[in-house]
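For this chain, numbers begin at 1 and follow the sequence in order. Side chains included, hydrogens not; waters and symmetry mates left out as well; all remaining heavy atoms used.
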Amino acid sequence: MKSLVVTKTGGPEVREIPAPVINEKQALVKTVCCGICNGTDAKLIHRSFKGFPEEVYPIMLGHEAVGKVVETGSAVTKYKKGDIVLLPFVDADKELYGELNSGWGGYSEYGVVHDEGAYPKGEAPECAFAQTVVPDYIDPVDAAMVITLREVLSSIRRFGIKEEDKVVVFGCGPVGQTFIRFLKLLGVKELIAFDVVEEKLADALEKGADHAFNSTACDVRKEVRGICPEGVDYVLDAVGITAIINQGMELIRDGGKICCYGISPKNSAEIDWSGAPYNWTLQFQQFPSKAEEGACTEQIYGWIKDGTIDLKDYISDYFAFDDILTAFEKLEKRRISKKGIVVF
């Protein structure tokens with residue numbers, strides 16, 4: 001099969017590698033599409049993603065895949081041939097792939113899903129709990145966006161954001177827009193969005209933000225405190241810029257929380273809490289729990305089925321797999337405005 005690989009020296013290339021081999025608890029999946037992650041994929045290509053030191057390269061890239069089941073193991077009951085499923089991965093396998101490791105391998109022509117029910121209790125890999133069947137009312141290609149939606153909803157639950165809270169969101173890309181839409185659906189009282197691109201700010205208002213500002217053209221503290229004089233309950237970083245942590249210190253109320261979802265290219269930061277209230281919390285949610293993500297599936301499907309969520313609102317670009325290197329060139333140049341999806 002063909003697979004997108006990040007080389008030892010950095011940069012993506014397409015390679016021919018063996019297709020994965022399944023065991024009795026797994027299903028083999030022919031990939032339909034894989035979403036491009038503006039954060040994780042880019043950082044893996046630049047070899048700046050935590051947990052992936054240079055020595056583990058080369059790696060198979062991609063973690064937002066959707067596929068069609070083509071074969072099932074003898075113990076599998078969760079899936080049947082023809083099912084459309086979320087999150088097929090390709091694991092590292094020294095016998096099959098030698099030095100080639102896995103950055104989840106979603107940009108491969110084939111992948112593997114697990115049936116957690118086929119494993120003894122407590123032994124199923126966690127990814128199995130987020131590997132779920134896509135209902136037939138969802139377009140299989142657009143279903144790649146469901147993965148981001150579940151991650152975001154699970155993070156909102158983990159952060160503890162609730163109805164009537166006041167929230168500032170920094171970053172109005174695909175993830176930020178999803179946070180904005182869900183926070184408003186969940187009843188957040190005051191929602192203030194910041195970005196540096198005017199088009200994204202307009203989209204944020206459409207998604208439900210009460211206020212949207214260009215952070216390079218205003219006094220951020222003045223705008224937030226003018227709306228919420230005592231400060232907000234949460235500041236949410238959907239970008240991965242550590243300076244947002246320090247900026248957020250002046251925006252939260254006493255007992256407020258700064259939540260980091262976007263992944264920074266660096267694993268350290270100088271934190272200045274001189275402008276913060278006396279009591280505050282800093283929380284990182286950089287790698288959503290697959291079990292928690294899977295638990296959000298039915299809520300997301302419900303919103304899609306009743307028309308509350310339209311997946312196409314979050315997608316700007318579709319690329320054929322033959323054009324995958326062009327897709328990543330556009331990503332590098334920030335020319336994918338929302339979610340880009342690679343179609344096999």
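- Between the CG atom of Asp93 and the CD1 atom of Ile17 there is a distance of 10.5 Å, given to the nearest 0.5 Å.
- The side-chain contact (heavy atoms from CB on, under 4.5 Å) search around Ala204 returns Cys172, Gln177, Ile180, Ala193, Ala209, not counting sequence neighbours.
- The aromatic rings of Phe170 and Phe194 lie parallel to each other, with less than 30° between the two planes, well short of the 60° mark.
- For the pair Arg47 (side chain) and Lys8 (backbone), a donor-acceptor distance under 3.5 Å is present.
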List the steps, then state whether side-chain hydrogen bond (donor to acceptor under 3.5 Å, both in side chains) holds for Glu126 with Ser289.
-> CA-CA 8 Å; Glu126 194 195 18; Ser289 156; 2.9 Å; yes
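- Heavy-atom minimum distance, Pro140 versus Ile84: CB-CG2, 4.1 Å.
- With contacts defined as side-chain heavy-atom distances shorter than 4.5 Å, the pair Val66/Leu87 does not qualify.
- Note on Ile258: it does not cluster hydrophobically with Leu183, by side-chain heavy-atom contacts below 4.5 Å among ILVMFWY residues.
- Ring geometry for Phe182 against Trp303 counts as tilted: the plane angle lies between 30° and 60°, on a 0 to 90° scale.
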Using the salt bridge (Lys or Arg N to Asp or Glu O under 4.0 Å) rule, take Lys338 and Asp317 through it: C-alpha gap first, then chi angles, then the decisive distance, then the call.
-> CA-CA 8 Å; Lys338 298 181 182 178; Asp317 297 83; over 6 Å; no
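- Asn246 and Asp272 form no side-chain donor-acceptor contact under 3.5 Å, judged by distance and modelled atom types alone.
- Because its NZ or CZ atom is both nearer than 6.0 Å to the ring centre of Tyr110 and within 45° of the ring axis, Lys30 counts as a cation-pi partner of that residue.
- For the residue pair Asp142 / Tyr318, a side-chain donor-acceptor distance below 3.5 Å is found, with atom types taken as modelled.
- Aromatic pair Phe328/Tyr107: ring centres closer than 6.0 Å.
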Start with the C-alpha gap between Lys189 and Asp165, add the side-chain angles, then the distance that decides, and say whether salt bridge (Lys or Arg N to Asp or Glu O under 4.0 Å) holds.
-> CA-CA 5 Å; Lys189 184 176 182 179; Asp165 280 336; over 6 Å; no
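- In this view, Asp83 and Val69, Tyr79, Lys80, Val85, Val133 satisfy the side-chain contact (heavy atoms from CB on, under 4.5 Å) rule, not counting sequence neighbours.
- The cationic group of Lys290 does not satisfy the cation-pi geometry with Phe129, failing either the under 6.0 Å distance to the six-membered ring centre or the 45° limit from the ring axis.
- Heavy atoms only, all atoms of each residue included: His114 and Ala128 are closest at CB-CB, 3.7 Å.
- Lys207 places no side-chain N or O within donor-acceptor distance of the main-chain N or O of Phe179, the cut-off being under 3.5 Å.
- Salt-bridge formation is detected for the pair Arg150/Glu293: a Lys NZ or Arg NE/NH1/NH2 atom is positioned less than 4.0 Å from an Asp or Glu carboxylate oxygen.
- Between Phe52 and Tyr57, the two ring planes are perpendicular [angle over 60°; tilted spans 30° to 60°].
- Shown here are the side-chain contact (heavy atoms from CB on, under 4.5 Å) partners of Phe287, two or more places apart in sequence or in another chain: Trp104.
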